[in-house]
S.K.: 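Below is a structure I'd like to ask you about.
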Amino acid sequence: MRVLAIESSCDETGIAIYDSELGLLSHALYSQIEMHAIYGGVVPELASRDHIRKSIPLIKQVLAEARCTSDDLDGIAYTSGPGLAGALLVGACLARSLAWSWGIPALGIHHMEGHMLAPLLEDPAPQFPFVALLVSGGHTQLVEVAGIGQYQLLGESIDDAAGEAFDKTAKMMDLPYPGGPHIARLAANGNPDRFVFPRPMTDRPGLDFSFSGLKTSARNTILKCQQESGLNEQDKADIAFSFERAVVETLAIKCKRALLQTGHKRLVIAGGVSANKTLRKKLHELMAKVRGQVFYPRPEFCTDNGAMIAYAGCQRLLAGQKDGEEIIIHPRWPMDQLQAVENQKESNDG
């Protein structure tokens with residue numbers, strides 16, 4: 001089966017073609033970061049308009065790169081949630097229109113399921129079951145994954161997501177949007193002994209997260225530096241180091257608990273924050289200690305992209321799933337509402 005995918009949930013337009021036998025044939029991504037940076041965050045109306053402007057040219061591009069036409073496609077997958085309502089509608093309406101005109105089925109895909117399955121595009125790919133850590137600007141979740149569509153939520157953030165905390169802390173230090181990469185860059189030159197920030201909710205049982213208190217600690221430290229002598233570059237680097245380390249260690253502590261609770265030896269990390277090198281190093285160390293494995297997508301597939309939607313869509317279309325005649329989007333969409341895909345391969349050493 002050959003599937004065209006459209007990802008338009010937020011501020012990146014991703015298009016890809018995935019073949020069930022040949023793998024990923026082509027993919028393209030257009031980021032709106034430069035446009036939104038001047039506002040310090042995503043402007044939904046501008047995002048929607050830009051998806052309209054870029055989607056068709058990118059579809060033509062990936063078709064040409066894959067050396068195929070609409071006649072070679074067996075289905076279309078698109079992100080139907082969660083995300084910005086206007087941006088989701090652009091992708092949904094375009095996907096359904098093309099599917100109708102080409103006489104092929106279309107299927108809406110859960111954005112976070114796409115992220116969670118993105119490591120299955122890699123070699124080696126994780127086998128089911130595993131624990132997944134989803135970390136992005138909008139989500140921080142731990143999920144037990146028995147198969148595609150077989151998800152058990154273990155814990156999630158009760159306030160800010162990890163990526164959101166990175167962005168907000170960066171904004172307090174007048175760093176560009178998105179803030180995560182800039183904090184990571186500054187942290188490389190930070191003094192590890194100057195500041196100590198809390199590891200929220202690690203002193204109590206459970207797998208939920210909270211980053212608002214950590215963000216408040218960072219804010220108070222920034223204000224103190226500003227009042228004493230002005231916030232200089234070394235101050236920013238020291239704050240960035242301690243903030244990043246607090247987030248990473250908090251995530252690692254919760255991952256270890258989730259692995260112990262489920263008994264699994266495989267950990268998948270996905271979402272925009274999964275590109276953070278300090279986090280990857282920490283989780284590699286954790287999995288080495290418990291004699292397990294950690295899997296993550298290549299950096300270009302950590303952020304929103306069409307390849308992950310194409311893969312997830314292909315698996316579900318192969319299972320016979322497809323949309324009805326209504327165009328439905330889900331700006332909020334719990335993953336436990338998803339239908340399971342049957343006949344999935346499972347490892348014996350979960």
S.K.: Any ring-ring contact (aromatic ring centres under 6.0 Å, His included) pairs touching residues 289-334, not counting sequence neighbours?
M.R.: Tyr18-Tyr311, His27-Phe301, His110-Trp333, His284-Tyr296, His330-Trp333
S.K.: Do the side chain of Arg266 and the main chain of Val294 share a donor and acceptor less than 3.5 angstrom apart?
M.R.: no
S.K.: If you look only at distance, which donor and acceptor atoms sit under 3.5 Å apart when one is on a side chain in residues 178-193 and the other is two or more places apart or in another chain?
M.R.:
from, atom 1, to, atom 2, distance (Å)
Asn191, OD1, Asp193, N, 2.9

S.K.: Between the side chain of Glu156 and the main-chain N/O of Thr140, is any donor-acceptor distance below 3.5 Å?
M.R.: no
S.K.: Looking at Ile6, Leu4, Ile109, which hits side chain to side chain contact (heavy atoms under 4.5 Å, CB included) with Ile309?
M.R.: Ile109
S.K.: To the closest 0.5 Å, what do you measure between SG (Cys225) and CG (Asn232)?
M.R.: 7.5 Å
S.K.: Is any NZ, NE, NH1 or NH2 atom of the basic residue among Lys236 and Asp174 found under 4.0 Å from an Asp or Glu carboxylate oxygen of the other?
M.R.: no
S.K.: Quick check for you: to the nearest 0.5 Å, what is the distance between Ile239 atom CD1 and Gln234 atom CD?
M.R.: 10.5 Å
S.K.: Give me the atom names and distance for the closest heavy-atom approach of Ala312 to Glu113.
M.R.: CB-OE1, 4.3 Å
S.K.: Could you walk me through whether Ser136 and Val273 pass the side chain to side chain contact (heavy atoms under 4.5 Å, CB included) test, one step at a time?
M.R.: CA-CA 5 Å; Ser136 67; Val273 181; 5.5 Å; no
S.K.: For the atom pair OG (Ser8) and CG (Leu89), what is the distance rounded to the nearest 0.5 Å?
M.R.: 8.5 Å
S.K.: Report yes or no: does Ser210 contribute a side-chain atom to a donor-acceptor pair with the main-chain N or O of Ile158 at less than 3.5 Å?
M.R.: no
S.K.: Who pairs with Phe241 by ring-ring contact (aromatic ring centres under 6.0 Å, His included), at least two apart in sequence or on another chain?
M.R.: none
S.K.: Let me confirm one number: the NZ-CD1 distance from Lys54 to Ile59, rounded to the nearest 0.5 Å.
M.R.: 12.5 Å
S.K.: When you group the ILVMFWY residues by side-chain heavy-atom contacts below 4.5 Å and let the links chain together, are Val62 and Leu22 in the same group?
M.R.: yes
S.K.: As a quick check of understanding, evaluate side chain to side chain contact (heavy atoms under 4.5 Å, CB included) for Met1 and Glu21, giving each step before the final call.
M.R.: CA-CA 7 Å; Met1 173 171 282; Glu21 296 184 1; over 6 Å; no
S.K.: Carefully, step by step, assess Val268 and Leu133 under the rule side chain to side chain contact (heavy atoms under 4.5 Å, CB included).
M.R.: CA-CA 6 Å; Val268 160; Leu133 171 66; over 6 Å; no
S.K.: With a 4.5 Å cut-off on side-chain heavy atoms, are Leu120 and Phe128 touching?
M.R.: yes
S.K.: His51 side chain to Cys10 main-chain N or O, any donor-acceptor pair under 3.5 Å?
M.R.: yes
S.K.: Provide the closest heavy-atom pair for Leu207 versus Ala258 in the form atom of the first, atom of the second, distance.
M.R.: CD2-N, 3.7 Å
S.K.: Can you list the residues that meet the ring-ring contact (aromatic ring centres under 6.0 Å, His included) rule with Phe166, with sequence neighbours excluded?
M.R.: Phe243
S.K.: If you count heavy atoms of other groups shown closer than 6.0 angstrom to CZ of Arg219, is the number above 12?
M.R.: no
S.K.: Show your reasoning for whether salt bridge (Lys or Arg N to Asp or Glu O under 4.0 Å) applies to Asp235 and Arg194.
M.R.: CA-CA 9 Å; Asp235 292 333; Arg194 185 175 176 192; 2.7 Å; yes
S.K.: Main chain of Leu98, side chain of Ser101: is a donor-acceptor contact present, judged purely on distance under 3.5 Å?
M.R.: yes
S.K.: Between Arg316 (side chain only) and Leu107 (backbone N and O only), is there a donor and an acceptor less than 3.5 Å apart?
M.R.: no
S.K.: Please examine the side chains of Ile15 and Gln61, heavy atoms only from C-beta on, and report whether any two atoms are closer than 4.5 Å.
M.R.: no
S.K.: With a cut-off of 3.5 Å and sequence neighbours excluded, list every side-chain donor-acceptor pair involving residues 67-76.
M.R.:
from, atom 1, to, atom 2, distance (Å)
Thr69, OG1, Asp71, N, 3.2
Asp72, OD2, Thr69, N, 2.8
Asp74, OD2, Arg2, N, 2.8

S.K.: Between Asp50 and Ser48 (side chain of the first, backbone of the second, donor and acceptor by atom type, cut-off under 3.5 Å), is there such a pair?
M.R.: no
S.K.: Closest approach of Leu84 and Pro44, non-hydrogen atoms and distance?
M.R.: CD1-CA, 4.1 Å
S.K.: Determine whether His111 and His139 make a side-chain contact, defined as any pair of heavy atoms from C-beta on separated by less than 4.5 Å.
M.R.: no
S.K.: Would you find more than 12 non-hydrogen atoms of other residues, nucleotides or ligands less than 6.0 Å from Arg49 atom CZ?
M.R.: no
S.K.: Could you tell me which non-hydrogen atom of Asp304 sits nearest to which non-hydrogen atom of Ser9, and how far apart they are?
M.R.: OD2-OG, 3.7 Å
S.K.: Is any side-chain heavy atom of Thr262 closer than 4.5 Å to a side-chain heavy atom of Phe130?
M.R.: no
S.K.: Look at the side chain of Asn220 and the backbone N and O of Leu223, then say whether any donor-acceptor pair between them is shorter than 3.5 Å.
M.R.: no
S.K.: Is any side-chain heavy atom of Met173 closer than 4.5 Å to one of Leu231?
M.R.: yes
S.K.: About how many Å separate CG of Leu58 and CD of Glu65, when rounded to the nearest 0.5 Å?
M.R.: 9.5 Å
S.K.: For Glu326, is there an ion pair with Arg96 - N to carboxylate O distance below 4.0 angstrom?
M.R.: no
S.K.: In this structure, would Val43 and Tyr177 fall into the same cluster of hydrophobic residues linked by side-chain contacts under 4.5 Å?
M.R.: no
S.K.: Could you tell me the separation between the CD1 atom of Ile17 and the SG atom of Cys314, rounded to the nearest 0.5 Å?
M.R.: 12.0 Å
S.K.: Is Leu46 close to Met35 at the side-chain level, that is, under 4.5 Å between some pair of heavy atoms?
M.R.: yes
S.K.: Any idea which heavy atoms bring Ala310 and Ala16 closest together, and the distance?
M.R.: CB-CB, 4.2 Å
S.K.: Donor-acceptor pair, distance only, cut-off 3.5 Å: does the side chain of Thr79 make one with the backbone of Glu7?
M.R.: no
S.K.: Please check if Leu24 and Ile148 belong to a single hydrophobic cluster, counting links between Ile, Leu, Val, Met, Phe, Trp and Tyr side chain heavy atoms closer than 4.5 Å.
M.R.: yes
S.K.: Would a single hydrophobic cluster contain both Met335 and Val341, if residues Ile, Leu, Val, Met, Phe, Trp and Tyr are joined by side-chain heavy-atom contacts under 4.5 Å?
M.R.: yes
S.K.: Between Tyr39 (side chain only) and Ala37 (backbone N and O only), is there a donor and an acceptor less than 3.5 Å apart?
M.R.: no
S.K.: I'd like to check the side-chain contact (heavy atoms from CB on, under 4.5 Å) partners of Ser31; sequence neighbours left out, ordered by chain and number.
M.R.: Glu12, Ile33
S.K.: Can you find a pair of side-chain heavy atoms, one from Tyr30 and one from Asp11, that are under 4.5 Å apart?
M.R.: no
S.K.: Between Leu117 and Gln315, does the side chain to side chain contact (heavy atoms under 4.5 Å, CB included) criterion hold? Intermediate values first, please.
M.R.: CA-CA 10 Å; Leu117 299 181; Gln315 307 313 307; 5.6 Å; no
S.K.: Between Glu164 and Lys168, does any NZ, NE, NH1 or NH2 come within less than 4.0 Å of an OD or OE carboxylate oxygen?
M.R.: yes
S.K.: Quick one, Phe195 and Thr221 - any side-chain contact, counting heavy atoms below 4.5 Å?
M.R.: yes
S.K.: Name the residue from Lys256, Lys254, Arg199 that meets the salt bridge (Lys or Arg N to Asp or Glu O under 4.0 Å) definition with Glu249.
M.R.: Arg199
S.K.: Kindly work out whether a path of hydrophobic side-chain contacts (I/L/V/M/F/W/Y, heavy atoms less than 4.5 Å apart) joins Val3 to Leu25.
M.R.: no
S.K.: Counting neighbours of CD on Gln337 that are heavy atoms of other residues, nucleotides or ligands and sit closer than 6.0 Å, is the number greater than 12?
M.R.: yes
